[in-house]
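What you are looking at is a predicted structure, and each value in this text was computed from that prediction instead of being measured.
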Amino acid sequence: QVQLVESGGGLVQAGGSLRLSCADSERTLSSYAVSWFRQAPGKEREFVAGISRYGGSTIYGDSVKGRFTISRDNDENTVYLQMNSLKFEDTAVYYCAVGSFSSRVERYDYWGQGTQVTVSS
C-alpha cells in the first residue's frame, strides 16, 4: 500500500511561487513514476506534471509549461513541484499520484489527500 502525503500548499499572491512536496511513508516512491494533478471546484481533475521513475523524463500540462517544474529526489523519497509565476487560475487542490508515466488519470493507482493552493489576484 502506497500512502502519499502532499505538503507545501497555501495562499500566495499572483506572480508568487510555491513548492509542493510529495512523500511516501513506506519509502516506495522511487519505484514509480509520479505525477501531479489538480482539481478546481466544479472542474475535472487536470494533469499538471509528471516525472519518470528515475527522473530522466518529464511531461507538463500546457497550462503550466514554462512556469512549473517537477523534480524528484529518490534518496529523500520525495517528489517536488516548483510553481513559479502563479496565476489566479492555478487555484486548486493539488494531488500527487503514482503509477505509469502518463498524463491520463486512469493510469495512476495511488493518490494523496491533496493540498490546497490558493492564488489571490
Side-chain angles (χ1 to χ4, degrees):
Q1 183 80 15
V2 179
Q3 295 183 328
L4 303 173
V5 178
E6 302 98 335
S7 60
L11 174 65
V12 64
Q13 288 188 333
S17 298
L18 282 175
R19 188 177 79 159
L20 305 183
S21 299
C22 173
D24 165 32
S25 60
E26 299 300 317
R27 300 193 64 83
T28 61
L29 207 61
S30 60
S31 300
Y32 299 94
V34 180
S35 282
W36 288 92
F37 291 79
R38 67 187 182 187
Q39 189 164 19
K43 295 188 177 182
E44 293 186 353
R45 195 162 292 192
E46 175 191 15
F47 173 77
V48 175
I51 189 164
S52 59
R53 180 178 175 184
Y54 297 109
S57 297
T58 56
I59 47 176
Y60 294 93
D62 289 341
S63 61
V64 306
K65 282 180 182 176
R67 299 189 298 122
F68 290 11
T69 302
I70 190 170
S71 62
R72 69 189 303 161
D73 185 337
N74 284 347
D75 290 337
E76 295 296 324
N77 196 53
T78 304
V79 172
Y80 302 99
L81 183 69
Q82 178 67 43
M83 305 186 296
N84 298 329
S85 302
L86 282 161
K87 304 176 181 179
F88 175 75
E89 50 265 39
D90 294 319
T91 296
V93 177
Y94 283 70
Y95 300 90
C96 68
V98 300
S100 301
F101 185 53
S102 171
S103 62
R104 297 171 61 179
V105 170
E106 62 269 26
R107 298 298 297 274
Y108 289 84
D109 302 309
Y110 299 99
W111 295 78
Q113 293 299 306
T115 185
Q116 176 70 47
V117 171
T118 303
V119 184
S120 62
S121 57

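A donor-acceptor pair under 3.5 Å is absent between the side-chain atoms of S100 and the main chain of S102, judged by distance alone. Judged purely by atom type and a 3.5 angstrom limit, T91 uses its side chain to pair as donor or acceptor with the backbone of V119. The closest donor-acceptor contact from the side chain of Y80 to the backbone of D73 lies at 3.5 Å or more, if one exists at all. Within the 3.5 Å criterion, the main-chain N or O of C96 finds no donor-acceptor partner in the side chain of Y108. Checked by atom type and distance alone, the side chain of D24 never pairs as donor or acceptor with a backbone atom of N77 at under 3.5 Å. Panel note: side chain R67, backbone S85; a donor-acceptor pair is recorded below 3.5 Å.
Shortest non-hydrogen contact noted between G114 and V93 is CA-CG1, 3.8 Å. Between N84 and Q82, the shortest heavy-atom distance links the atoms OD1-NE2, 2.9 Å. For the residue pair S52 and G56, the shortest heavy atom distance occurs at OG-N, 3.2 Å. Scanning all heavy atoms of the two residues, the minimum distance from A40 to A92 falls at N-CB, 3.9 Å. G50 approaches S35 most closely through the heavy-atom pair CA-OG, 3.1 Å.
Atom OG1 of residue T58 and atom CZ of residue F68 lie 14.5 Å apart, to the nearest 0.5 angstrom. If you take CZ on R72 and CG on L81, they are separated by 13.5 Å, rounding to the nearest 0.5 Å. Taking CD of E6 as the start and SG of C22 as the end, the distance is 5.5 Å to the nearest 0.5 Å. Here the CD1 atom belonging to I70 is positioned 11.5 Å from the OG atom belonging to S57, to the nearest 0.5 angstrom. Note that CG of L4 and CD of E26 are 11.0 Å apart. Values are rounded to the nearest 0.5 Å. Taking CZ of R27 as the start and CD of E76 as the end, the distance is 7.0 Å to the nearest 0.5 Å.
Neither V79 nor Y95 shares a network with the other; the hydrophobic side chains, linked directly or stepwise wherever heavy atoms of I, L, V, M, F, W or Y lie under 4.5 Å apart, form separate groups for each. Y32 and F101 are not part of a single hydrophobic cluster, where members link through side-chain heavy atoms under 4.5 Å apart. By the criterion of side-chain heavy atoms lying less than 4.5 angstrom apart, applied directly or through intervening Ile, Leu, Val, Met, Phe, Trp or Tyr residues, I59 is not grouped with M83; the two fall into different hydrophobic clusters. If you chain together hydrophobic residues whose side chains sit under 4.5 Å apart, I51 and V2 fall into the same group. Put simply, V105 and Y60 are part of two different groups of oily side chains (I, L, V, M, F, W, Y) that touch within less than 4.5 Å, one to the next.
Using a 4.5 Å heavy-atom cutoff, the side chains of V117 and L20 are in contact.
Taking a 6.0 Å sphere around CD of E44, one finds it holds 12 or fewer heavy atoms contributed by other residues, nucleotides or ligands. In this structure, Q39 places its CD atom where more than 12 heavy-atom neighbours from other residues, nucleotides or ligands lie under 6.0 Å away.
Pairs of residues two or more places apart, or lying in two chains, that qualify as salt bridge (Lys or Arg N to Asp or Glu O under 4.0 Å) and include a residue from residues 47-64 are D62-K65.
With sequence neighbours excluded, the residues that form a ring pair (Phe, Tyr, Trp, His ring centres under 6.0 Å) with F47 are F37.
For the 3.5 Å distance criterion, the side chains of E46 and S63 qualify, holding a donor opposite an acceptor.
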